[in-house]
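These numbers come from a predicted model, not from an experiment. Below, chain A is the first sequence line, B the second, and so on; all start at residue 1.
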Amino acid sequence: MNESATPLIEVRGVEKRFGNGTRGLDAVSLSIRRGEVICIIGPSGCGKSTLLRALNALAPVTAGEVWIEGVCVHRRGVDLDRLRAKVGMVFQQFNLFPHLTALENLMLAPMKVLRQAPSIVRTRALDLLEQVGLADKAHSRPAQLSGGQQQRVAIARALCMQPDVMLFDEPTSALDPEMVGEVLEVMRALAANGMTMCVVTHEMAFARAVATRVVFMEAGRIVYEAAPPSFFDAPANERLREFLSERR
Amino acid sequence: MTGEGDGDRRTWIGHVVAAIVVLGIGASLYFASLQVHYEWRWERVPGYLVSTGGREIVAPFDGTVVLAPDGRSLTLTPLLGGETVRVEGFDRVEISDGDIVFSGNTLGREAGWSAGPLALGLWMTLKISMVSLVFALVLGLGAGLARVSSSVAARDLAALYVELIRGTPLLVQIFIMYFFIGTVLSLSAFAAGVAALAVFTGAYVAEIVRGGIEAIPRGQGEAARSLGMSAWQSMRHVVLPQALRNSSPALAGQFINLIKDSSLVSIMALTDLTKAGREVVSSTFSPFEVWFCVALLYLLLTGSLSWVVRRMERRLAHE
């Protein structure tokens, strides 16, 4: 099997039941191949974020299989921390570490998890901060940054671990409208550089422009998936047509 | 309408009212003491803090004294035979030529200042509080982490510890530690006191630590885990530093309580500030002055601790 054929992340028939019996995910299968940009859309509460947390084994699933880089995460003795280190994640609420500066936020995990030398990590971190346009904020604390700036630091923090794939959980939903653009711009540049990405989003224009594949979820199931042109212009699914028309 | 000047004046009047109330209480205490014909002897109090009586020089063994003509030294001949020893350095000899003394008897004094009983008690209180504080921190941190750990056994044990300690009086715990555990392990009074105070305070520190950890948003731990950190790394580098900083006022309050609670160790053979106060009272019959003085010394310790903590908090806030 050559490398491009092995999905970076694959879920097969995963199911997630919550304590109260409701089903967050229901027989969901999805694979993410190298170089793909997958956008997941759907009404709120449809299981998008739950699926994303299953993709890096942050939340355990109740049935089905999750494979990261060809390793089944449910097998006994699997080092989950090491698998997760290869999967970057960006959160809706940024979740920067408030007691550390922007630069320290970037440097913490590579030093503690990958045990890389501080000088090497520092150079890479400063490079990344420059890439997201925040070279001058390296020594600021998260509280001193705007929402858009915090989210860009969060993206740089995930990238500093040199992941193979990046997951985004509604990265612009908590932002003031005027800050959405700067974050999407960083994500666009990332996709243009060939980063494999899986993005849960409500930004249809972004999904249409950047995605290689768009997935529509409803009630814990993947209802429809297609490449952007047919997904947005000629969706062969009644519920998706309704969903899209509500958004226009 | 209340303008800014109006608010200022009201604040000022409030301060004056408070001062009048305090003075009133002080005056009524004074008149109450007149009622019981109490004789105030404030001039004696400094002597309990710093003694000018000098250092006692005692006989090293049983013997017969022969005073030297200079009045500052003497020779002691052992009763049971042996070498005659010369004792020097007296500023005042309190014994007569030819006296027979026994080992430990006072021969005389060397002038100079030495710590009085209250100062010695203050030092003991400070020492036992600080040593207990260190152990309480370690114990509380461990138990607090156990309270939120994923291990059910660790959670159970920590919960049991906290409930047992918080549900029983400190005085009873001190008795158990001193008479039971102290006897079994043959602990010194100091070690038993430190153990009792550390175990007691540790339970409260554990609850403060647990509360601090639980108040940190879940997203912090999630972000750390998503970066590949282990549960312990996430706790150690992300959650705990924030939790401890947020709960530092509560921790400071607990340590001030520790200093005050340490007065209970005076029931063991430990001469802390409270025990020293009791000893001075029983030998001088000046309870009012001595207890006021003891309270003031406790206030000095707790006040300076909270001052240090406030300064540290301000420094952290600036960061």
(message) Main chain of B:R245, side chain of A:H99: is a donor-acceptor contact present, judged purely on distance under 3.5 Å?
(response) no

Decide yes or no for [X] and [Y]: does some side-chain heavy atom of the first lie under 4.5 Å from some side-chain heavy atom of the second?
X: A:L108; Y: B:M229; result: yes
X: A:R53; Y: B:E222; result: yes
X: B:R225; Y: A:D81; result: yes

Write down the atom of [X], the atom of [Y], and the distance for their closest heavy-atom approach.
X: B:Q220; Y: A:L96; result: NE2-O, 2.8 Å
X: A:P98; Y: B:Q242; result: CG-OE1, 3.1 Å
X: A:N56; Y: B:S226; result: ND2-CB, 4.0 Å

(request) Mind ranking B:A224, B:G228, B:A231, B:S230 by heavy-atom pairs under 4.5 Å with chain A and telling me who comes out on top? (result) B:G228

(request) Spell out the residues in residues 137-174 of chain B that have some non-hydrogen atom less than 4.5 Å away from a non-hydrogen atom of chain A, in order of number; otherwise answer 'none'. (result) none

(request) Start with the C-alpha gap between B:V239 and A:F97, add the side-chain angles, then the distance that decides, and say whether side chain to side chain contact (heavy atoms under 4.5 Å, CB included) holds. (result) CA-CA 9 Å; B:V239 177; A:F97 306 138; over 6 Å; no

Taking atom [atom1] of [X] as the centre, does the number of heavy atoms from other residues, nucleotides or ligands within less than 6.0 Å exceed 12?
X: B:R218; atom1: CZ; value: no
X: B:F135; atom1: CZ; value: no
X: A:E130; atom1: CD; value: no

(request) Counting only heavy atoms closer than 4.5 Å, note whether B:Q233 contacts chain A via side chain, backbone, both or neither. (result) side chain

(message) Looking only at heavy atoms and a cut-off of under 4.5 Å, which of A:N95, A:L83, A:V90, A:L167 has the most pairs with chain B?
(response) A:N95

(message) Below 4.5 Å, heavy-atom pairs only: which of A:A85, A:A158, A:G88, A:P163 has the largest tally toward chain B?
(response) A:A85

(request) Apply side chain to side chain contact (heavy atoms under 4.5 Å, CB included) to the pair B:L227 and A:M89, showing each step before the final yes or no. (result) CA-CA 8 Å; B:L227 288 163; A:M89 188 156 184; over 6 Å; no

